[in-house]
Structure formats: C-alpha cells, structure tokens
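Residue numbers start at 1 and run along the sequence shown.
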Amino acid sequence: MFNKLRHYLTGWRRLTVDSKNAAGAFDLMYKNEIRFSGEQMMADGRVTVMIREREYKRFTILAEETEIEYAASELLGLPVTLGFIRRRPMLLIGLILAVFWLIYSENLVWDIKITGNTKTPTDEIINHLSDLGFEVGTNFKKVNFNKLHATYVAEQQDIAWLSIYMNGTVAEVQVKELYEDTRPKHEGGIYANVVATEDGVVESVNVFEGQAAVKAGDFVRAGQVLISGVVENKDGSVRYEYAAGEVICKIARKATVKVQSEREVKRYTGQEITKKSVKIFKKSINLFIKGGIEYPTCDKIDMMEQLCPFGLVRLPVWINTTVYKEYETVVETVPPSTAADDALRQLSALIKEKTADGELISKSVTTEFDNGVYRIDCLLHMLCDIGTTAEFYAENIESQK
C-alpha cells in the first residue's frame with residue numbers, strides 16, 4: 001500500500017518488455033539498483049512492472065546503451081493531475097468555491113419533508129412554515145424550534161401537534177392532525193334551521209339537534225324547513241336550537257351534454273421556445289436573454305425540478321423550465337360516431353360530478369343528432385342529503401309574534 005501511494009505522489013509508468021528482452025532488462029535494473037514493483041507475467045510471455053518516474057529516466061538512459069527494447073505507458077499519478085488542473089485554472093476555482101459553499105451551507109436547510117398529514121396539504125404546511133421564517137435556505141442553528149412548534153399549532157386549527165428535527169441538512173417535519181367537530185355553534189342568539197336545497201321525496205330523517213319538520217314519504221320543495229331550530233316544549237313554550245342532522249331524499253337531477261361535429265381545435269405548429277432559470281436556496285437566476293414571446297397564440301408549460309444527484313440526496317437547487325408552444329386554431333369536422341364517443345365521455349364525467357354528494361339509483365338516457373349537434377339528455381335518480389343550514393336570530397322571530 002505504501003509503495004502504491006509513493007508511486008502516485010511521485011508519478012509512475014507501466015514498463016513492458018517482451019520475453020526476449022525480459023532477462024536483460026531485469027539484470028540491468030538489479031545491477032543499477034533501479035527499484036520497481038508489481039511484476040506481472042502476461043500470457044504471451046511479456047513482463048510488466050511499475051516504476052517511478054525518476055527510476056524510469058535512469059532506466060531509459062541505460063537501456064539505450066545496452067539496446068534493450070521496451071514499451072512504457074504515459075506518465076500517471078499526482079503530477080499528471082496537477083498539470084491537468086494547472087492548464088484549467090477555472091476547474092480549481094470551481095472546486096474551491098464548491099468546498100466553501102458546502103462549508104457555508106452545512107447549517108442551512110436544504111430540504112423539508114412532511115410526514116403524518118392526510119388532510120392538510122403538504123404545500124400548505126411548507127408555505128405556513130415559510131411565513132413563520134422557516135424554509136429552504138434558513139440557518140437552522142438560529143431557529144428556536146420550541147417557539148416555532150408552539151406558534152404553528154396556535155395559528156393552525158387543523159394541526160394538533162407538530163415537531164421538526166434536523167437530519168443533517170434535511171428538516172424532518174412530523175405532524176398530527178386534529179379532527180374537530182366542524183358543525184357551527186350557536187352563540188350570541190344565533191340559531192338555525194335545516195332547509196331543503198332542492199325538490200325531493202323524504203326517505204329518512206336523522207336529527208342531531210332541533211326538531212324534525214318532515215317525515216319519510218313527504219314531498220318537499222327547495223327552501224322548505226326540514227329540521228326546525230324552533231322546538232316546542234310540552235307546556236306549549238318554545239326554545240331555540242341550532243338545528244343539525246341529515247335528511248335523505250329521493251331526487252332527480254338533469255345532465256345534458258352537447259357536442260358539435262364542427263368545432264375549433266388547437267393545432268400545434270411545431271414552433272416552441274424554451275427558457276430556463278435556476279433557483280439556489282432563495283435566489284433565482286435567469287439563464288436566458290430577456291425578451292417577449294412573438295407567438296400570437298401559445299401554451300405555456302412550467303416545469304420545476306429539484307436536483308437529486310444519483311437519487312441519493314436532494315439539493316436546494318431547482319431548475320425551472322418554461323416552454324412556450326405555438327398553436328393555431330382550426331375548424332375540424334368530426335363524424336357523428338366520434339361526436340357520440342366524445343359526448344359519452346363528457347356525460348360520464350358530468351354524472352360523476354352530479355352524484356358526488358349522493359348515491360345513484362338509476363338513470364334514463366335519450367340521444368339525438370340534429371343540425372350537426374349530438375345531444376344526450378340524462379335524468380339521474382339518486383338518494384342524497386339535501387339539507388343545508390339556514391341561520392336566524394331568535395330576537396327576529398320574537399319581534400314577529
């Protein structure tokens with residue numbers, strides 16, 4: 001090991017002699033005390049050795065006098081590396097700057113990872129931490145984490161507990177969410193009824209607070225009181241409550257889709273402009289000459305990618321790429337079958353949207369194609385809680401008596 005290190009520091013070559021000259025070469029080195037190491041015998045009879053540059057220069061002079069034939073590799077080792085750097089001074093400057101940057105940034109937050117959140121979006125947590133002064137690029141040695149934890153929880157009602165610990169330069173944020181009763185509370189004389197949002201036939205009534213005003217089988221209209229916040233006592237007097245509950249009704253909703261066989265569509269011209277910028281911690285640097293986009297109509301596509309060399313560690317460096325793709329608007333005529341397929345896809349998405357708050361029981365569909373328009377009318381029969389809260393002031397009711 002020591003010989004290899006000494007060879008690297010002083011510079012060395014791989015010396016090769018054939019079987020005919022091997023005996024003479026070794027005899028020459030032994031007699032003149034030329035040191036070598038790493039002897040290897042090749043399959044074709046050639047012999048190779050490692051020899052330091054200083055010893056190699058002595059060997060070349062002696063080999064010329066004795067007419068020993070040999071071959072030598074290029075010079076290897078530290079002198080070659082230093083010569084390479086000497087011819088490229090910017091490489092050395094970049095290496096020095098990189099070392100200083102690593103030393104400077106070892107106390108800065110390079111990345112933030114959130115775990116434990118299922119209801120609160122990750123971006124929302126990161127953005128609020130940023131508002132409190134903790135983000136990528138923050139010197140975490142100067143952060144009072146106990147105060148940061150307490151302040152965050154005090155300002156965010158959906159988080160019961162938050163903790164941050166530094167794993168090197170990565171901030172590991174653990175959260176525990178608070179699932180609280182979000183029903184409105186009646187305070188300051190404010191009470192409420194539960195009223196219908198649309199027409200329907202009552203299937204069931206489940207009262208949490210207040211008094212049921214309808215029963216199963218009743219037909220109700222939009223705006224009608226379903227659960228009353230005015231509750232009658234046995235002695236004939238009334239009390240006020242903030243009515244809450246669910247009223248499941250059979251309802252019918254319409255879904256209509258129209259698709260024209262002649263329509264305007266985008267057609268990309270193939271012309272595009274790409275602009276890039278680099279963000280290092282909090283500093284953004286444009287990598288393009290500023291100027292406007294000449295395309296009259298174009299799509300703008302933004303892509304942000306964080307550097308993660310070899311997939312090992314994410315660096316606080318982001319590459320932002322913005323692509324402007326030119327397009328023109330043209331009129332396209334599609335056959336009725338294609339229009340029908342497009343209409344069915346749109347109807348499927350519309351049905352999913354309209355039934356998101358209930359249970360679909362059945363549906364009836366009618367279709368027609370007239371004057372270049374393919375139309376689908378769909379009637380959705382479903383079960384749904386149609387109740388909504390309508391607040392009132394008790395004093396207003398008293399004044400009307």
Side-chain angles (χ1 to χ4, degrees), residues 1-111 137 166-170 276 278-281 283 285 287 305-319:
M1 179 62 72
F2 179 75
N3 280 336
K4 288 184 178 180
L5 177 61
R6 185 168 57 182
H7 278 65
Y8 174 77
L9 294 176
T10 60
W12 64 281
R13 296 176 188 265
R14 173 69 65 179
L15 186 66
T16 304
V17 293
D18 58 23
S19 57
K20 183 177 66 173
N21 291 280
F26 280 101
D27 184 59
L28 180 66
M29 288 189 285
Y30 285 130
K31 285 182 178 180
N32 293 277
E33 297 182 352
I34 297 176
R35 287 172 290 184
F36 60 90
S37 62
E39 302 97 320
Q40 291 183 5
M41 175 72 75
M42 310 297 285
D44 58 0
R46 291 182 302 161
V47 180
T48 67
V49 296
M50 293 175 60
I51 184 169
R52 283 188 290 166
E53 179 67 7
R54 185 176 61 184
E55 304 289 343
Y56 170 74
K57 289 179 179 178
R58 290 178 57 206
F59 175 82
T60 57
I61 296 172
L62 296 172
E64 264 186 47
E65 296 174 354
T66 56
E67 298 183 352
I68 294 177
E69 296 181 0
Y70 64 92
S73 68
E74 296 290 333
L75 179 63
L76 303 171
L78 182 61
V80 178
T81 304
L82 293 177
F84 178 82
I85 295 175
R86 191 180 302 113
R87 293 190 299 272
R88 297 166 178 82
M90 293 306 298
L91 183 64
L92 179 60
I93 294 173
L95 181 62
I96 294 173
L97 289 176
V99 171
F100 275 108
W101 181 72
L102 288 173
I103 295 173
Y104 167 75
S105 62
E106 66 179 356
N107 292 331
L108 302 183
V109 177
W110 284 33
D111 191 18
M166 296 304 302
N167 183 6
T169 56
V170 178
K276 290 181 178 289
V278 176
K279 180 182 177 184
I280 303 176
F281 289 115
K283 179 68 175 177
I285 304 172
L287 302 180
E305 181 181 6
Q306 187 172 7
L307 290 187
C308 185
F310 309 108
L312 299 177
V313 61
R314 291 193 295 177
L315 301 179
V317 180
W318 293 263
I319 305 296

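Asp44 places a side-chain N or O within 3.5 Å of a backbone atom of Arg46 that can act as its donor or acceptor partner.
Residues Asp111 and Gln306 are in side-chain contact: their nearest non-hydrogen atoms beyond the backbone lie under 4.5 Å apart. Met166 is listed as a side-chain neighbour of Val109, based on a closest heavy-atom distance under 4.5 Å. Looking only at side-chain heavy atoms (C-beta outward), Leu15 and Phe36 stay at 4.5 Å or farther from each other. Side-chain contact between Arg35 and Arg54: present, with at least one pair of heavy atoms (C-beta onward) separated by less than 4.5 Å. Proximity of Arg13 to Leu75: side-chain heavy atoms (C-beta onward) are separated by under 4.5 Å at one or more points.
Here the rule is side chain to side chain contact (heavy atoms under 4.5 Å, CB included) with Met50, and of Glu55, Glu39, Arg14 only Arg14 fits it.
Atom CG in Leu76 sits 10.0 Å away from atom CD in Glu53 (nearest 0.5 Å). Taken from CH2 in Trp318 to CG in Leu307, the straight-line distance is 9.5 Å, to the nearest 0.5 Å. Summarising the geometry, atom CZ belonging to Arg52 is positioned 10.5 Å from atom CZ belonging to Arg58; distances are rounded to the nearest 0.5 Å. The distance from atom CD1 of Ile68 to atom CG of Asp18, rounded to the nearest 0.5 Å, is 10.5 Å. Atom NZ in Lys31 sits 11.5 Å away from atom CG in Leu62 (nearest 0.5 Å). Taking OG1 from Thr48 and CD from Gln40, the interatomic distance works out to 4.5 Å, rounded to the nearest 0.5 Å.
Shortest non-hydrogen contact noted between Thr169 and Leu108 is CB-O, 3.6 Å. Heavy-atom minimum distance, Phe59 versus Leu28: CE1-CD2, 3.9 Å. Residues Gly77 and Trp12 come closest through the heavy atom pair N-NE1, 4.3 Å. Ala25 and Val17 make their closest contact through CB-CG1, 4.0 Å (heavy atoms, listed as atom of the first residue, atom of the second, distance).
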